[in-house]
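Encoded as C-alpha coordinates, the structure appears first; notes follow it.
Please read all numbers here as calculations on a predicted model, not as lab measurements. Both counts, for ligands and for their atoms, begin at 1 and track the order of listing.
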Amino acid sequence: MEHPSELPADQRVECAPGLTVARRSFFATAATAFAAASLPGASSSWRSRQNAADWTIEQFVREVTPVAKELVADTSARGQDRYLLTLAAFAVRLGTLAAPESRDVGTGHRIGSHHGPDPFTVLHWQLEANAIITPHAHTYGNVVTLGVRGSALVCNYEVVGPRDYETTAPIEVVRVQEQVLRPGDTNLVSLERHYIHGFTAGAEGAEGLDITTRLQAKRKTPGLELGPGKDPTARTFEARWRIGG
Ligand SMILES: [Fe+2]
(Lines give C-alpha, C1' and ligand atoms only; values in the text may rest on other atoms or scores of the structure.)
Protein backbone atom coordinates (compact mmCIF):
# COMPACT_ATOMS: atom_id res chain seq x y z
CA MET A 1 0.00 0.00 0.00
CA GLU A 2 1.21 3.52 -0.75
CA HIS A 3 2.12 5.64 2.24
CA PRO A 4 -0.37 8.53 2.43
CA SER A 5 2.49 11.06 2.10
CA GLU A 6 3.25 9.60 -1.35
CA LEU A 7 -0.26 10.11 -2.68
CA PRO A 8 -1.00 12.84 -5.17
CA ALA A 9 -2.70 15.77 -3.50
CA ASP A 10 -6.43 15.31 -2.93
CA GLN A 11 -6.41 11.62 -4.02
CA ARG A 12 -8.39 9.30 -1.75
CA VAL A 13 -7.42 5.67 -1.12
CA GLU A 14 -8.88 2.99 1.12
CA CYS A 15 -5.91 1.82 3.20
CA ALA A 16 -7.90 -0.56 5.43
CA PRO A 17 -11.48 -1.78 5.38
CA GLY A 18 -13.60 1.23 6.18
CA LEU A 19 -10.60 3.60 6.49
CA THR A 20 -10.10 6.09 3.65
CA VAL A 21 -7.27 8.63 3.65
CA ALA A 22 -6.67 11.64 1.44
CA ARG A 23 -3.58 13.84 1.18
CA ARG A 24 -4.47 17.49 1.11
CA SER A 25 -2.49 20.33 -0.34
CA PHE A 26 -1.16 22.53 2.47
CA PHE A 27 -1.93 25.64 0.48
CA ALA A 28 -5.54 24.66 -0.09
CA THR A 29 -5.91 23.72 3.58
CA ALA A 30 -4.28 26.96 4.78
CA ALA A 31 -6.50 29.05 2.53
CA THR A 32 -9.55 27.30 3.97
CA ALA A 33 -8.28 27.88 7.53
CA PHE A 34 -7.63 31.57 6.91
CA ALA A 35 -11.07 31.99 5.44
CA ALA A 36 -12.70 30.18 8.35
CA ALA A 37 -10.87 32.33 10.88
CA SER A 38 -11.77 35.55 9.10
CA LEU A 39 -8.07 36.38 9.05
CA PRO A 40 -6.46 38.64 6.49
CA GLY A 41 -5.16 35.71 4.42
CA ALA A 42 -8.73 35.18 3.28
CA SER A 43 -8.87 37.98 0.78
CA SER A 44 -7.10 38.65 -2.48
CA SER A 45 -7.01 42.31 -1.48
CA TRP A 46 -4.79 41.31 1.45
CA ARG A 47 -2.36 39.61 -0.97
CA SER A 48 -2.29 42.69 -3.14
CA ARG A 49 -1.31 44.79 -0.13
CA GLN A 50 1.78 42.71 0.69
CA ASN A 51 4.05 44.99 -1.30
CA ALA A 52 2.28 48.15 -0.33
CA ALA A 53 3.86 50.90 1.72
CA ASP A 54 3.96 50.85 5.51
CA TRP A 55 0.60 51.19 7.18
CA THR A 56 -0.39 54.29 9.06
CA ILE A 57 -1.94 53.98 12.51
CA GLU A 58 -5.33 54.78 10.95
CA GLN A 59 -4.95 51.94 8.43
CA PHE A 60 -3.84 49.55 11.14
CA VAL A 61 -6.82 50.35 13.36
CA ARG A 62 -9.25 50.12 10.45
CA GLU A 63 -7.90 46.77 9.21
CA VAL A 64 -7.52 45.01 12.56
CA THR A 65 -10.63 46.23 14.40
CA PRO A 66 -13.18 43.74 12.93
CA VAL A 67 -11.12 40.64 13.77
CA ALA A 68 -9.94 42.15 17.08
CA LYS A 69 -13.53 42.69 18.21
CA GLU A 70 -14.31 39.07 17.37
CA LEU A 71 -11.26 37.54 19.09
CA VAL A 72 -11.26 39.74 22.20
CA ALA A 73 -14.42 38.05 23.46
CA ASP A 74 -12.44 34.95 24.46
CA THR A 75 -10.46 36.11 27.50
CA SER A 76 -9.10 32.65 28.35
CA ALA A 77 -5.31 32.23 28.27
CA ARG A 78 -5.51 30.70 24.80
CA GLY A 79 -8.04 33.25 23.63
CA GLN A 80 -5.70 36.06 24.68
CA ASP A 81 -2.81 34.32 22.87
CA ARG A 82 -4.88 34.20 19.67
CA TYR A 83 -5.92 37.82 20.09
CA LEU A 84 -2.41 39.11 20.73
CA LEU A 85 -0.79 37.07 17.96
CA THR A 86 -3.40 38.34 15.49
CA LEU A 87 -2.97 41.94 16.63
CA ALA A 88 0.81 41.52 16.27
CA ALA A 89 0.40 40.09 12.76
CA PHE A 90 -1.30 43.32 11.73
CA ALA A 91 0.95 45.60 13.80
CA VAL A 92 4.12 44.51 11.99
CA ARG A 93 2.72 46.29 8.90
CA LEU A 94 3.37 49.58 10.71
CA GLY A 95 6.62 51.13 9.65
CA THR A 96 8.49 54.20 10.72
CA LEU A 97 6.12 56.23 12.86
CA ALA A 98 6.68 59.78 13.96
CA ALA A 99 6.18 60.12 17.69
CA PRO A 100 2.95 61.93 18.62
CA GLU A 101 2.84 64.77 21.12
CA SER A 102 4.21 63.29 24.31
CA ARG A 103 4.72 64.01 27.99
CA ASP A 104 7.80 63.45 30.13
CA VAL A 105 7.12 60.74 32.70
CA GLY A 106 10.61 60.90 34.18
CA THR A 107 13.83 58.87 34.09
CA GLY A 108 14.38 59.47 30.38
CA HIS A 109 10.93 58.21 29.43
CA ARG A 110 8.25 59.97 27.35
CA ILE A 111 4.76 58.71 26.41
CA GLY A 112 2.31 59.88 23.74
CA SER A 113 -0.88 58.43 22.32
CA HIS A 114 -1.67 57.56 18.69
CA HIS A 115 -5.10 56.06 19.30
CA GLY A 116 -7.57 54.96 21.92
CA PRO A 117 -9.22 53.81 23.99
CA ASP A 118 -11.53 51.81 21.66
CA PRO A 119 -11.01 49.01 20.85
CA PHE A 120 -7.48 49.44 22.26
CA THR A 121 -5.00 52.19 23.04
CA VAL A 122 -1.84 52.67 20.98
CA LEU A 123 0.76 54.40 23.16
CA HIS A 124 4.12 55.49 21.76
CA TRP A 125 6.97 55.36 24.28
CA GLN A 126 10.41 56.86 23.88
CA LEU A 127 13.40 55.95 26.02
CA GLU A 128 16.66 57.86 26.15
CA ALA A 129 19.91 55.93 25.93
CA ASN A 130 20.13 53.30 28.69
CA ALA A 131 16.84 54.46 30.27
CA ILE A 132 14.91 51.86 32.24
CA ILE A 133 11.22 51.02 32.66
CA THR A 134 11.23 48.97 35.83
CA PRO A 135 9.39 45.61 35.81
CA HIS A 136 5.65 45.88 36.44
CA ALA A 137 2.67 43.55 36.17
CA HIS A 138 -0.22 43.98 33.74
CA THR A 139 -3.30 43.08 35.75
CA TYR A 140 -6.23 44.41 33.68
CA GLY A 141 -5.07 44.82 30.07
CA ASN A 142 -3.01 42.75 27.66
CA VAL A 143 -0.33 44.28 25.47
CA VAL A 144 1.39 43.93 22.11
CA THR A 145 4.68 45.84 22.17
CA LEU A 146 6.17 46.71 18.78
CA GLY A 147 9.70 48.04 18.44
CA VAL A 148 9.85 51.20 16.29
CA ARG A 149 13.36 52.64 16.66
CA GLY A 150 16.64 51.76 18.36
CA SER A 151 16.66 48.75 20.64
CA ALA A 152 15.73 47.75 24.15
CA LEU A 153 16.21 44.67 26.25
CA VAL A 154 12.78 43.40 27.32
CA CYS A 155 12.47 40.88 30.13
CA ASN A 156 9.19 39.14 30.95
CA TYR A 157 8.48 37.39 34.25
CA GLU A 158 5.72 35.35 35.84
CA VAL A 159 5.00 34.60 39.51
CA VAL A 160 5.95 31.15 40.77
CA GLY A 161 2.93 29.72 42.63
CA PRO A 162 -0.33 31.53 43.39
CA ARG A 163 -0.49 35.20 42.37
CA ASP A 164 -1.26 37.74 45.09
CA TYR A 165 -0.60 41.28 43.94
CA GLU A 166 -1.49 42.64 47.40
CA THR A 167 1.07 40.72 49.41
CA THR A 168 4.00 42.53 50.96
CA ALA A 169 5.77 39.24 51.64
CA PRO A 170 8.69 38.07 49.49
CA ILE A 171 7.66 36.23 46.34
CA GLU A 172 9.45 34.22 43.67
CA VAL A 173 9.33 35.02 39.96
CA VAL A 174 10.66 33.27 36.89
CA ARG A 175 12.15 35.09 33.90
CA VAL A 176 10.25 33.54 31.01
CA GLN A 177 11.58 35.71 28.22
CA GLU A 178 14.61 37.90 27.52
CA GLN A 179 14.47 39.67 24.16
CA VAL A 180 16.29 42.42 22.31
CA LEU A 181 13.39 44.42 20.87
CA ARG A 182 14.35 46.07 17.56
CA PRO A 183 12.19 47.79 14.96
CA GLY A 184 9.57 45.31 13.79
CA ASP A 185 10.02 42.95 16.76
CA THR A 186 7.00 42.20 18.93
CA ASN A 187 6.67 41.22 22.60
CA LEU A 188 3.35 39.92 23.92
CA VAL A 189 1.91 40.32 27.44
CA SER A 190 -1.35 38.57 28.28
CA LEU A 191 -2.95 38.51 31.72
CA GLU A 192 -1.90 34.84 31.99
CA ARG A 193 1.44 34.69 30.16
CA HIS A 194 4.55 36.90 30.32
CA TYR A 195 2.45 39.37 32.35
CA ILE A 196 5.35 41.20 34.03
CA HIS A 197 7.71 43.14 31.78
CA GLY A 198 10.53 45.65 32.09
CA PHE A 199 12.67 47.51 29.54
CA THR A 200 16.26 48.75 29.32
CA ALA A 201 17.06 50.93 26.32
CA GLY A 202 20.24 50.40 24.35
CA ALA A 203 22.97 52.98 23.77
CA GLU A 204 20.99 54.66 20.96
CA GLY A 205 17.74 54.80 22.94
CA ALA A 206 14.53 53.08 21.93
CA GLU A 207 10.98 53.78 20.77
CA GLY A 208 8.04 51.46 20.58
CA LEU A 209 4.30 51.07 20.66
CA ASP A 210 2.26 49.49 23.45
CA ILE A 211 -1.07 48.35 22.01
CA THR A 212 -3.11 47.75 25.15
CA THR A 213 -6.58 46.20 25.37
CA ARG A 214 -8.40 46.55 28.67
CA LEU A 215 -10.11 43.32 29.76
CA GLN A 216 -10.92 44.19 33.37
CA ALA A 217 -11.51 47.24 35.55
CA LYS A 218 -8.50 49.52 35.80
CA ARG A 219 -6.46 49.35 38.99
CA LYS A 220 -3.05 50.35 40.26
CA THR A 221 -0.11 48.76 38.52
CA PRO A 222 2.04 46.61 40.81
CA GLY A 223 5.73 47.31 40.33
CA LEU A 224 8.20 44.52 40.91
CA GLU A 225 11.35 44.91 42.99
CA LEU A 226 13.60 42.24 41.60
CA GLY A 227 15.92 40.64 44.14
CA PRO A 228 18.86 38.28 43.75
CA GLY A 229 18.71 35.23 41.55
CA LYS A 230 17.63 32.03 43.28
CA ASP A 231 18.27 29.31 40.72
CA PRO A 232 20.20 30.23 37.55
CA THR A 233 19.09 27.09 35.77
CA ALA A 234 15.42 27.76 36.48
CA ARG A 235 15.92 31.54 35.96
CA THR A 236 14.09 32.27 39.23
CA PHE A 237 14.52 35.38 41.37
CA GLU A 238 13.48 36.66 44.76
CA ALA A 239 11.14 39.61 44.40
CA ARG A 240 8.59 41.81 46.14
CA TRP A 241 5.60 43.84 44.96
CA ARG A 242 5.67 47.59 45.08
CA ILE A 243 1.98 48.47 44.81
CA GLY A 244 1.33 51.60 42.81
CA GLY A 245 4.02 51.18 40.14
FE1 LIG B 1 3.87 47.72 30.70
Side-chain angles (χ1 to χ4, degrees), residues 57 68 72 75 77 80-81 83-85 87-88 91-92 94 97 99-100 102-128 130-159 163-166 171 173-202 205-226 237 239-245:
I57 290 287
V72 76
T75 58
Q80 289 187 62
D81 288 345
Y83 175 81
L84 293 169
L85 287 163
L87 212 58
V92 294
L94 293 162
L97 291 167
S102 62
R103 62 190 172 92
D104 187 345
V105 293
T107 61
H109 183 193
R110 299 187 68 87
I111 294 180
S113 176
H114 285 289
H115 177 85
D118 185 43
F120 42 70
T121 60
V122 182
L123 298 181
H124 190 128
W125 48 265
Q126 298 170 275
L127 293 176
E128 293 176 0
N130 307 312
I132 291 173
I133 300 175
T134 54
H136 54 276
H138 280 256
T139 61
Y140 57 86
N142 60 30
V143 189
V144 172
T145 297
L146 174 74
V148 171
R149 187 190 68 79
S151 69
L153 177 67
V154 185
C155 294
N156 298 75
Y157 303 86
E158 295 176 3
V159 174
R163 263 183 284 174
D164 178 1
Y165 292 119
E166 307 297 326
I171 61 171
V173 297
V174 57
R175 181 179 287 165
V176 289
Q177 195 155 257
E178 192 173 281
Q179 175 190 13
V180 176
L181 187 87
R182 303 155 305 172
D185 288 333
T186 56
N187 181 274
L188 310 183
V189 167
S190 86
L191 299 187
E192 303 300 330
R193 188 194 297 278
H194 305 170
Y195 45 81
I196 303 164
H197 65 176
F199 299 72
T200 304
E207 287 185 36
L209 303 183
D210 274 5
I211 305 166
T212 303
T213 308
R214 190 189 299 181
L215 301 178
Q216 298 175 13
K218 197 170 181 177
R219 54 177 167 156
K220 285 189 174 178
T221 296
L224 188 78
E225 285 181 9
L226 201 61
F237 297 79
R240 194 181 287 271
W241 292 120
R242 186 168 23 84
I243 307 300

What protein atoms of element N, O or S are positioned under 2.8 Å from the Fe ion (ligand 1)?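 Result, waters dropped: H136 NE2, H138 NE2, H197 NE2.
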Would you name the heavy atoms of L87 and A68 that are closest together and state the gap between them?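 Looking at all heavy atoms of both residues, the shortest contact is CD1-CB, 4.3 Å.
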Out of D210, T145, N156, which one pairs with N187 under the side-chain hydrogen bond (donor to acceptor under 3.5 Å, both in side chains) rule? N156
So salt bridge (Lys or Arg N to Asp or Glu O under 4.0 Å) across residues 178-192, not counting sequence neighbours, yields R163-E192, R175-E178, R182-D185
Sequence neighbours left out, what pairs pass salt bridge (Lys or Arg N to Asp or Glu O under 4.0 Å) with at least one residue falling in residues 107-120? none
Partners passing ring pair (Phe, Tyr, Trp, His ring centres under 6.0 Å) against H197 (at least two apart in sequence or in another chain):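 Partners of H197 by the ring pair (Phe, Tyr, Trp, His ring centres under 6.0 Å) criterion, ordered by chain and then number, come out as H136, H138, F199.
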Answer yes or no: is there a donor N or O on one side and an acceptor on the other, between the side chain of W241 and the main chain of A137, under 3.5 Å? no
